[in-house]
Amino acid sequence: MSNATLNNETVHRVSFLDKASLHIPILKILQADGTTYENAVMPVIDKALAERIYDTCVFTRVLDERMLSAQRQGRISFYMTCTGEEASIIGSTAALDDGDVILAQYREHASLRYRGFTTEQFMNQMFSNEKDLGKGRQMPIHYGSKELNYQTISSPLATQIPQATGVAHAFKLQGKRNVAICYFGEGAASEGDFHAGLNMAAVLKSPTIFFCRNNGYAISTPTEEQFAGNGIASRGVGYGMHTIRVDGNDMLAVLAATQQARAYALEHNAPVLIEAMTYRLGAHSSSDDPSGYRSKEEEAKWEQHDPVKRFKLWMINKDWLNEKDDIGFYEKYREEVLNAVKVAEKVPLPHIDLLITDVLDKPTPVLEKQLAELKQHIKKYPKSYPKSAGRV
């Protein structure tokens with residue numbers, strides 16, 4: 001019998017617990033008008049950090065706007081925006097050390113930008129050209145950068161959660177003062193990998209930050225049809241880890257929560273769960289039409305809590321930003337992204353031989369045979385293969 005069981009309060013009549021028994025407060029620091037709540041404890045932030053955060057916000061908004069348009073024009077095949085969730089993603093990334101490893105789900109390209117991923121690198125990945133770090137093997141938005149400690153996105157849902165536990169546990173075994181942060185939506189928390197990953201991290205005391213973006217929908221399924229419990233935060237408590245719920249549209253609250261979560265994870269070699277309550281203002285992806293499952297009135301209500309606008313007003317209140325400069329930032333990035341699109345789509349595609357390199361130390365005879373057969377088929381039926389088939 002564990003000590004926790006021995007030390008529990010005892011009762012002598014049946015008394016069930018329910019979700020109302022577990023009170024989970026939500027951390028809020030920044031109000032909608034850009035002022036802070038009275039007695040709010042601020043995160044560690046100065047002008048330089050605030051400017052870097054806001055610059056990432058503007059770039060991400062412009063990138064989402066331009067690339068969704070490019071997808072509609074048929075220039076890329078797929079895209080996902082993080083519009084409405086910028087505070088959750090950028091605020092948490094800004095609390096990390098550059099040596100901390102990011103394991104993202106698919107909507108966290110803003111964190112990659114914060115770390116220095118260039119506009120050209122974004123375009124090369126989405127157009128799958130020969131300059132793409134992934135050699136054209138991934139679908140658009142499945143970014144990865146070894147240099148920036150950002151593990152490559154994978155399509156299967158929630159696979160990154162147990163992987164993050166392993167990455168952070170390796171840091172602990174190596175004596176490194178770094179954590180792994182794992183992003184996922186509340187829908188992914190219904191996958192078995194979520195439960196395996198969190199339980200393993202709690203038992204092994206792996207310094208992992210599990211960051212749940214609870215944006216209200218798993219594609220078209222609202223949260224009330226996903227689970228009956230008290231959100232995702234209650235599960236962290238159930239697995240025996242430090243847990244906090246935060247306003248995911250409040251940049252300062254997310255920054256503060258993640259700064260303290262990282263400090264705790266390193267000090268105690270233990271995981272932390274952060275549940276950020278936010279909202280996906282855009283569609284789930286370029287293949288989704290949200291009008292089929294939510295109302296315009298609902299979207300308009302959440303637009304009033306726009307995280308970028310809220311942080312912008314805070315910076316203006318501190319005289320760290322003005323409207324004229326803000327307009328200039330958007331104009332600069334619109335031109336930069338558009339020019340990068342025009343360049344990237346003209347860069348040649350990777351050679352088809354790259355399909356089987358880097359997978360094994362040396363390609364097997366079976367792989368080499370399959371590649372030869374593919375080349376012959378492309379030469380025989382060239383019109384059956386799109387331009388994306390690559391150079392033969």
Side-chain angles (χ1 to χ4, degrees), residues 56 82 85 88-117 133 142-186 188-189 191-214 232-233 235-236 239-244 246 248 254-276:
T56 307
C82 73
E85 300 183 54
S88 296
I89 298 164
I90 301 169
S92 54
T93 303
L96 304 175
D97 179 82
D98 287 344
D100 297 336
V101 171
I102 296 173
L103 296 96
Q105 181 163 314
Y106 45 52
R107 204 180 298 283
E108 294 85 12
H109 45 283
S111 62
L112 193 53
R113 176 64 180 192
Y114 181 86
R115 286 202 167 174
F117 210 61
L133 297 178
H142 279 32
Y143 314 102
S145 172
K146 182 178 180 180
E147 178 186 4
L148 300 177
N149 291 312
Y150 187 102
Q151 293 203 7
T152 303
I153 305 298
S154 58
S155 289
L157 197 62
T159 56
Q160 76 278 11
I161 300 177
Q163 292 167 359
T165 295
V167 170
H169 189 58
F171 282 150
K172 184 177 77 169
L173 295 178
Q174 295 165 0
K176 293 183 178 179
R177 298 287 293 171
N178 287 108
V179 303
I181 187 168
C182 178
Y183 292 99
F184 53 93
E186 87 290 340
E191 296 285 337
D193 282 349
F194 168 85
H195 301 281
L198 264 70
N199 188 57
M200 183 166 61
V203 172
L204 295 178
K205 296 183 70 67
S206 168
T208 314
I209 299 174
F210 295 102
F211 195 100
C212 176
R213 298 177 291 92
N214 188 339
I232 308 303
R235 303 183 195 180
Y239 279 116
M241 64 177 67
H242 262 46
T243 301
I244 186 170
V246 62
V254 173
L255 180 64
T258 314
Q259 284 176 341
Q260 294 195 38
R262 184 179 187 275
Y264 178 87
L266 288 176
E267 181 181 353
H268 298 277
N269 275 321
V272 179
L273 173 65
I274 299 174
E275 182 181 22

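Positions are given from 1 along the sequence.
By the 4.5 Å heavy-atom criterion applied to side chains, Ile102 and Gln151 are not counted as neighbours. Proximity of Asn149 to Asp100: side-chain heavy atoms (C-beta onward) are nowhere separated by under 4.5 Å. Two residues are said to be in side-chain contact when any heavy atoms from C-beta on lie closer than 4.5 Å; Lys146 and Thr152 fail this criterion. A 4.5 Å side-chain heavy-atom check between Leu112 and Leu148 finds at least one atom pair inside the cut-off.
Within a 6.0 Å radius of CD in Glu147, other residues, nucleotides and ligands contribute 12 heavy atoms or fewer.
How far CZ of Arg115 is from CG of Leu96: 5.5 Å, rounded to the nearest 0.5 Å. Distance CD1/Ile181 to OG/Ser111: 8.5 Å, rounded to 0.5 Å.
Side chain to side chain, His142 and Ser155 meet the donor-acceptor criterion of an N or O pair below 3.5 Å.
Applying the side chain to side chain contact (heavy atoms under 4.5 Å, CB included) test to Leu266 and every residue at least two apart in sequence or in another chain returns Arg177, Val179, Arg262. Here Ala261 pairs with Ile209, Val272, Ile274 under the side chain to side chain contact (heavy atoms under 4.5 Å, CB included) rule; sequence neighbours left out. Every side chain to side chain contact (heavy atoms under 4.5 Å, CB included) that Ala188 has, sequence neighbours left out, goes to Gln105, Leu157, Ala158, Phe184. Among residues two or more places apart in sequence or in another chain, the side chain to side chain contact (heavy atoms under 4.5 Å, CB included) test is passed with Ala233 by Ile24, Thr243, Arg245, Glu275.
For the residue pair Phe211 and Ser88, the shortest heavy atom distance occurs at CZ-O, 3.4 Å. Shown here for Cys212 and Ile232, the closest heavy-atom pair between the two residues is SG-CG1, 3.7 Å. Shortest non-hydrogen contact noted between Ala164 and Cys182 is CB-CB, 3.5 Å. Taking all atoms of both residues into account, the shortest heavy-atom contact from Asn269 to Pro207 is OD1-CG, 4.1 Å. Considering all non-hydrogen atoms of both residues, Asn178 and Gly99 come closest at ND2-C, 3.2 Å. Taking all atoms of both residues into account, the shortest heavy-atom contact from Gly144 to Leu133 is O-CD1, 3.8 Å.
Under a cutoff of 6.0 Å and an axis angle of 45°, Arg213 and Tyr183 do not form a cation-pi pair.
Without hydrogens or angle criteria, Gln260 side chain to Thr258 main chain gives no donor-acceptor distance under 3.5 Å. Put simply, the side chain of Lys172 gets close to the backbone of Leu204: a donor and an acceptor are under 3.5 Å apart.
Relative orientation of the Phe117 and Tyr143 rings is perpendicular, given thresholds of 30° and 60° on the angle between their planes.
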Show your reasoning for whether side chain to side chain contact (heavy atoms under 4.5 Å, CB included) applies to Phe171 and Val101. CA-CA 10 Å; Phe171 282 150; Val101 171; 3.6 Å; yes
Show the numbers, then the answer: is there a side chain to side chain contact (heavy atoms under 4.5 Å, CB included) between Cys82 and His109? CA-CA 8 Å; Cys82 73; His109 45 283; 4.1 Å; yes
Would you sort out whether His242 and Leu273 count as a side chain to side chain contact (heavy atoms under 4.5 Å, CB included), showing the intermediate values? CA-CA 6 Å; His242 262 46; Leu273 173 65; over 6 Å; no
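Screening residues 158-169 for side chain to side chain donor-acceptor pair (under 3.5 Å) gives Ser154-Thr159 as the qualifying pairs, with residues at least two apart or on separate chains. Pairs engaging residues 191-201 under the side chain to side chain donor-acceptor pair (under 3.5 Å) rule: His195-Tyr239 [sequence neighbours left out].
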